[in-house]
Every structure is written in structure tokens, then in C-alpha cells.
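Some notes on the structure that comes next.
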Amino acid sequence: MKKKTFNFHRRQFLKATGAASAVLGGTGIGLFGIRSGKDPMTYSGTESLQGMTQNFNRSKYEVDTPTYKKVGETSRIDARTEVIFARMPRFGQQWDDEKGLDSLDPILKKYYQDHPEDLELDLHLRKEIFPKMRQDKKKYGDEFILAEAWSNAMGAVWPRGYNKPPEETDFPHPKYGRKQPLELESPEMTAKLIKKMGHEFGSTLVGICKLNPEWVYKHPMRGRGFDTEAPLDVPSHWEYAIVVGTPMEWDAFYANPNYGTSHDSYAKSRIVAYRMAAFIKELGYAARAHTPGTDYDLVVPPILIDAGIGEQGRHSVVITPELGSNFRPAIITTNIPMAVDKPIDFGVQDFCKTCKICAEQCPSGAITMGDKENIKGYKRYALNVSKCHNFWYSNLGNIGCRLCVAVCPYSRKSNWLHKTALQVTANDPTGITHSTLTEMQKRFYPAPDVKDYYIPSLGGKNASYRKPPWWLRTRDFIKLKKEQS
Ligand code: SF4
Ligand code: SF4
């Protein structure tokens, strides 16, 4: 990774101190920033979850009766015959030209006797349209390769065969899939396409890098087609890694540890990754999704760093400029040739040296207050995973914690104050602004005493970092039994 060197130029100093004064310019600005942070317009990457897409004022147009009109006797639909997607497969399997209606089961036969016009149309589809469509598809269909690949990928949200060996599961289907990889215009154009598709598939973040085999587990996690007792040989087709990532719902995540859930964006990123793998296979290349819930064969944070998604923070989670560390990633290993991204350095390493908010507010003491150490040959902050894991079971709400992610100053919603602070820290070679911003963060986002996060029988108060969002306040919606209240 490129090492950032800070030469102390006068111009940079003025820029940094000027920015620092601007930030110091007042508590009022900070408070205004918090207020605007509550504005739904600042949700990054989850805008549609906040109902911001459904923005038509319906209440103005409410009426007392539905706009459909009952004009006679009604009957419920028989889906077996009246729904064309059920009728056509049934018809296709049974129809025989010589036997005609007698080739059909009694239900279908009766339906066509009652609806001869549908029999005519269904036969026309079978005898005329289908054969001609297949014939023309051979001639002109290539025009739509990408459209078809995109559509099939969009539907590929169920991780079929994810636990099979790579040589079986990573390649296009031997029977139905493309036999040869398509010839691609250039690695740059492919990278551009893959990134656009990543966003289309629902990802907020997309990055690409060469896969460093050092990041692949020495022994597999739980199998996934590998022999767990044998060392994992890195398949030769795992040449590249595509990183995708989606944010966790902001309000529940801020109220951690009792209210947030990682499943939220785990599931979204999983869907994106399986869509991406399906898309790449549609083009004839190999692809394997490594996702939360269906397991990874590799260690994720360094791959995120290689792909230019962000930098690893003191809390060990990768911090991105867009979402801070409020996101969950998934990775797709592949052999489709692509131009790769470069790592980024936007000041996190320097900021984390002095900030330490995550370490101070981690209830389990899992995050070090000290300097980076040599861990498996790399200099990084230590994390006591077992202490962290124990705390996951020391609160009453959703499993897990995520507090270090919630309290990190980089994990703020996308308001103007946050954007300004990000620019200031990224462009401050002196570090002068860092302590100011850390202090502002502590002042504007006060936290409970760390002991209080624990459950009462472990000496805590079952506290949360911030108030739960209105839609997770149980008592407002559920009448609790007496013993619970
Ligand atoms: S998830 Fe919670 S317990 Fe684990 S390191 Fe972060 S703050 Fe500490
Ligand atoms: S809370 Fe501070 S020290 Fe911890 S990861 Fe975030 S910026 Fe770094």
C-alpha cells in the first residue's frame, strides 16, 4: 500500500488550520449538524427503506370506496387454469396434436371447452410463436446478451449449490450455461460494467482488486465443498475479488446494541453477491460468492482495503468515506478479467491514533487503547474477539453488538457537517483537527457508562447508545403481559 508521507508545507498548514477554525467555529454549527443528521434526506444508501421513494401525499386523495366496481356475481380465481403461468406448463406437458383435447386432464379439458379462444391462443403460442422466436434468437439474440444476463442475475437470489466444491459450483451450469466465455471488449470496460451492475443489484459500494491468496483461509471455515480437515488450495480461477457492501439501517444501528441487527445488510449484501456471481456466469466466466450467512472462504477486511473500499480502523472494521463502517460486505471471487482499483488513504490511520472512542466505549474491552501490533506479520490494532463475542450474549436485544461501529465518528449520516469533517480529516496533514473533531463527537453524542450496556443480572442496565427508532419501541405497538412490563 502507498505510504503517505506528510511534509509540513505552509499552504497545507493554513488549509488545515483554516478548516480547523471552521470546525471549531461553534457549538451551534455542531448542533445544527446533528439536527440535519436527523433529516431523512441524510440516510445514505437506504433512502427507500425510509419511505422517501413513496413520497406522494395519499391522504389528500383518500376515498370511502375502492375505485374498482362490483357489477355482478363474483367468483374467486382458479389459479390452476385461469393463471396463465400455471396453465401453460400444464398444457405444454400434456398436449398431443393427434389426441387434441382428449390428451388433457379433466380440469384443463373442461377449461378449454369453456374457453375455446384461450385454446386457440395457447396453441398459437406453442406452434407458431415459440419455434419462430427460437429461430430468430439464434440470428439476432446476441444483441440482448447483457439484458438477459442482468435479468437472470436479478432473479438469482437463492444461493443454490453454495456449499459445493468450487470446480462444481463456480462455473456456468454444465448443461444450460454458456460453454465458452464471451470475448470482452477490454478489462476497463468490464470493470465499468461490473461496477454498474453491482449498484443495479443493490449495492452501495463496489470495488475490484486482484485476490491476494494470502487472504484465503488456510483451512476452510465450515466446508462449502472443501474438506475441512485438509488445507485449502486456492483455486486458480480465484484471480480477482469484487467487493460489494450495503449499509445497516441507520436508526436501529445507532440505538445499538439492543436494537440493531447485522442481518439487515448481511442479507442485502448476500443477495447482491449471488446476483453478481450469476451475472458473471451468464457471461461464461467463473464466480463464487463469499457472503455472510453462507460463509466465506477468505478474510474480508484486507480485501476491502485492496479494492479501495476504505481503511481498517482501530475497531478492526473497515471505514469507508461514504458509510463509515456502517455496512456489511460480501465478496465475489472470479476469473473475469477486469481493471482493478487502488487502495485509498483518506486519513483514518492518523485519526484512529488519537480518537480511541470505540475503545473507550466498547463494553467488553475488546478494542485496544494501545498502538498497533504485529499480528500475523501485519501491523494493526489488536481485537480480542472472544471478549467481543461474549458481549454479544450480554444484552437482551438482538444478538451482536456493533457499538464500535455506531460510535465511530466516521459512521455518521450523510449531512453537510459530516461531509465537511470528512474533508477536513482527509486533508489535514498535521492532525490538528483530529482531537477537536473527536471532542465534538463525544460532546454531541454522549454515551451511557459502558457497564450499563450489560444485562441487569450482569450488573448493567440493558442500556442502548441512543433511543430506539419509533418503529422498534415495543410498548407503543404490543400490549405486554403483566410480568414483562
Ligand atoms: S462489537 Fe461491541 S463488544 Fe465487540 S468490539 Fe465492537 S463495541 Fe466491543
Ligand atoms: S472510533 Fe475513532 S479510533 Fe475507533 S475506529 Fe472510529 S475513528 Fe478509529
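For ligands, and for the atoms within them, numbers begin at 1 and follow the listed sequence.
- Residue K387 does not touch ligand 1, judged by heavy-atom distances below 4.0 Å.
- Heavy-atom minimum distance, P337 versus Y285: CD-CE2, 3.8 Å.
- Ranking the protein heavy atoms by distance from atom 2 (Fe) of ligand 1 puts C401 SG, 2.3 Å first.
- Side chain of S269 to main chain of R328: a donor-acceptor pair is present (N/O by atom type, distance under 3.5 Å, no hydrogens or angles).
- Counting atoms of ligand 1 from 1 in the listed order, those under 4.0 Å from a heavy atom of C362 are 3 (S), 5 (S), 7 (S), 8 (Fe).
- Distances from atom 6 (Fe) of ligand 2 under 2.8 Å pick out these protein N/O/S atoms: C408 SG.
- Using a 4.0 Å cut-off between heavy atoms, I367 contacts ligand 1 through its side chain alone, with no backbone atom that close.
- The protein atom (non-hydrogen) at minimum distance from atom 3 (S) of ligand 2 is K356 N, 3.3 Å.
- Checking T169, T333, D297 one by one against R288, the side-chain hydrogen bond (donor to acceptor under 3.5 Å, both in side chains) holds for a single residue, D297.
- Sorted by first then second residue, the side-chain hydrogen bond (donor to acceptor under 3.5 Å, both in side chains) pairs that include residues 187-197, not counting sequence neighbours, are K195-D341, K196-E200.
- Donor-acceptor pairing under 3.5 Å is lacking for the side chains of Y381 and D371.
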Sequence neighbours left out, cut at 3.5 Å: what donor-acceptor pairs do the side chains of residues 208-215 make with other protein atoms?
residue: N212; atom: OD1; partner: E214; partner atom: N; Å: 2.9
residue: E214; atom: OE2; partner: Y378; partner atom: OH; Å: 3.0
residue: W215; atom: NE1; partner: D306; partner atom: OD2; Å: 2.9

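- Among all protein heavy atoms, the one lying closest to atom 4 (Fe) of ligand 1 is C388 SG, 2.4 Å.
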Hey, can you pull the donor-acceptor pairs under 3.5 Å for the side chains in residues 237-244, sequence neighbours left out?
residue: H237; atom: NE2; partner: D170; partner atom: OD2; Å: 2.8
residue: W238; atom: NE1; partner: D170; partner atom: OD2; Å: 3.0

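- Nearest approach of S464 to P257, heavy atoms of both residues: CA-CD, 4.2 Å.
- Between the side chain of N258 and the main chain of N395, no donor-acceptor pair closer than 3.5 Å is present.
- Annotation for F327 and I309: closest pair CZ-CG2, 4.3 Å, computed over non-hydrogen atoms.
- Atoms of ligand 1 lying under 4.0 Å from at least one heavy atom of L403, given by number and element, are 7 (S).
- Interface of R402 with ligand 1, defined as ligand atoms under 4.0 Å from a residue heavy atom, comprises 1 (S).
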